[in-house]
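Here's the structure, in structure tokens; my notes come after.
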Amino acid sequence: MIDNKVIMAEDQDKILEEVTGGEYKYGFTTDIETEVIPKGLNEDVVRLISQKKNEPEWMLEFRLKAFSHWLKMEQPNWAKLNIPKIDFQDIIYYAAPKQKPKLDSMDDVDPELKATFDKLGIPLEEQKVLSGVAVDAVMDSVSVKTTFKETLAEKGIIFCSFSEAVQEYPDLIKKYMGSVVPYTDNFFAALNNAVFSDGSFVYIPKGVRCPIELSTYFRINATNTGQFERTLIVADDDSYVSYLEGCTAPQRDENQLHAAIVEIVTMDRAEVKYSTVQNWYPGDKEGKGGIYNFVTKRALCKGDYSKVMWTQVETGSAITWKYPSCVLMGNHSVGEFYSVAVTNNYQQADTGTKMIHIGKNTRSLIVSKGVSAGKSQNSYRGLVRVNKKAENARNFSQCDSLLMGDKCGAHTFPYLEINNNSAVVEHEATTSKIGEDQIFYCNTRGLSTEDAIGLIVNGYVKEVINQLPMEFAVEAQKLLQISLEGSVG
Amino acid sequence: MLEIKNLHAKIDDKEILRGINLTIKPGEVHAIMGPNGSGKSTLSSVLAGSEVFEVSEGSATFYGKDLLEMPAEDRAREGLFYSFQYPVEIPGVSMVNFMRTAVNEHRKYNNEKPYSASEFLKLMREKKKLVEIDSNLTNRSVNEGFSGGEKKKNEIFQMAMLQPKISILDETDSGLDIDALRIVANGVNKLKSEDNATVVITHYQRLLDYIVPDYVHVLYKGRIVMSAGKELALELEEKGYDWIKKQFED
């Protein structure tokens, strides 16, 4: 006679093995002529990238300064991540789909490229675009197409690729680039500053509420290539913008490096909402392949009463190292961070935020929900710092972890540095498991175990998903279900 | 509709059900009574498809289909409803979303088109009225922060929504005050028809004043030791379970 518990354990194992049944949908590659430069990184490569992009002298100098600084830095290893040694000489630092030098209309975009973005659900023809979303599509190292540019220009809003901004708006770039994340900030930021390829630039003028959602869609296609994009958003006094970021990559056995920088600056009473659904290829079920995602995202709430809200749903990447942060410099400024990080199989995530209170009466809110399955490791790492002169700072942090199965790990590393007695800082943390009884309850109502888990996990992360714009929220819910298919704890 | 033959079930090598025989036909109400630890809850959760117990012998067929071969969700979709003694809380999942998913899974299984949002809300309004459940319960997360009585009312509401062929109510009366008991029992009575059957599992006779059974079975040490009409419940109430224990002591 077989012990009942053994049967249950075997069932669980079986179901856990099926975890990977949720196939990565975006793993295809586009067969397109790509221009690449040779592997490796040295000063000549930095010069070559700058030359390819036809950059002005000041931009090249900026890159070279960052590069020489990077050479003196060491790859950080303080995160709870097991990062295999990255050979920075084995990476291609520039790859671009070959296309006609000048795009006059949509007809000039390579049909293969159009098809790729269609397949990803990102149509580049404006009439087909989801209502109310303007898109900047970035493939490998270059921006392919930005939609709705003219419509936005009527309101004085600038939304274009970063390369274009360097050419067209050098004063704005010189003023704000590196003002939030200096090139000396960290190892991966320095690297990005030296070799960054493209990305998006947004400027919202005084008093303008951007009428549509702005969105950048990042796609890695070329093999052996790193992606180093940067985004800069400047919101002038009394302005508002909601910005979305999505990303996918082909399924490959090799690990590919993604090291991006996002900088946000908000002036008086300006508000920026930045939402990410990160779905880079996570690697296969044995942990082979996948994207290494080392990203520096930071907002400077420069003006009084300004507000920045980060919302992220992280389901992809083999390794995620990411801490979208807010520097609350303006009085009464507000920073919010909502995060869902899902790890499965051999994925590793070390993610969280930093809230730096500098101005008076500043407030910050942190809501982090981790979901770990398979043999993954999922860490929340967050810093709340209240400076000496930051009177009446308020922070509330809530960090919840949900475990599925007994082979994964969830960790919470909160850091508090409080230097002003008037501060009120609260931290709550919980760890839970999806209960067999919850799943059985759903089963007896006619729900399959998979659907039950999807429902329970989506209930668990609802607080965060609710912060996402409508279309994104629906996509994120589906994504969560796929990422966790079959994983029972 | 439900035919249970010589059903044995155990947990950790401890045999709890030791040969249950029971036949239930449409339109009938059966009460299963018995002292604590006699196997009442085990029987109901085995029928509902719990994997905590291992069925070691016997059979259970539901309209000719082998019930024990089906996963719990298929038993539900075939028309078996199980009302929990301790309904489970699912934080963050709204009752509306939960029920809509459940009802549409039933419809899909029966090759029916899923309900649209408006059709579903209409159905929900009707059923809420039928079982006298407050609107604020269905606006909350599944059982989260519900009182004992609210949880039981919510079970009956779900039963109304899913329109099962057979309902097994496990200790539905436990933890209910007299008003809640009346509402819950009224709900069950309203849902009764010629085509469906109800199995009421209870320790006390009290519930049977409201839900009048056609048959009363006494479960003791994993076997049905006595079956009779509703008068048996009254006799038990009067003489207590010791009366049974004395008669059937091994």
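Every chain is numbered from 1 and lettered A, B, ... according to where its sequence line falls, protein lines coming before strand lines. The basis for the numbers below is simple: all heavy atoms, side chains too, and nothing from hydrogens, waters or symmetry mates.
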Interface residue of largest heavy-atom contact number with chain A, from B:Y86, B:F98, B:F84, B:Y82, under 4.5 Å | B:F84

Below 4.5 Å from any heavy atom of chain B, which atoms of A:D451 appear? Answer side chain, backbone, both or neither.
-> side chain

B:D74: partners by salt bridge (charged side-chain N to carboxylate O under 4.0 Å, His left out), with sequence neighbours left out | B:R77

Applying a criterion of heavy atom separation less than 4.5 Å, what residues of residues 99-109 of chain B form contacts with chain A?
-> B:T101, B:A102, B:E105, B:H106

For A:Q467, check side chain to side chain contact (heavy atoms under 4.5 Å, CB included) against everything at least two apart and list the hits.
-> A:M309, A:T311, A:Y338

Determine, stepwise, if the pair B:S38 / B:N36 fulfils side chain to side chain donor-acceptor pair (under 3.5 Å).
-> CA-CA 6 Å; B:S38 57; B:N36 288 332; over 6 Å; no

Distance-only check: which donor-acceptor pairs under 3.5 Å involve side-chain atoms of residues 158-169 of chain B, not counting sequence neighbours?
{"residue": "B:Q158", "atom": "OE1", "partner": "A:R445", "partner atom": "NE", "Å": "2.5"}
{"residue": "B:Q158", "atom": "NE2", "partner": "A:Y441", "partner atom": "OH", "Å": "3.0"}
{"residue": "B:K165", "atom": "NZ", "partner": "B:E78", "partner atom": "O", "Å": "3.2"}

Sole candidate of A:Q377, A:R381, A:K322, A:K80 that passes side-chain hydrogen bond (donor to acceptor under 3.5 Å, both in side chains) when paired with A:D350 = A:R381

Any side-chain heavy-atom pair of B:E150 and B:R140 under 4.5 Å | yes

Identify whether NZ of Lys or CZ of Arg in A:K369 sits under 6.0 Å from the centre of the six-membered ring of A:Y460 and within 45° of that ring's axis.
-> yes

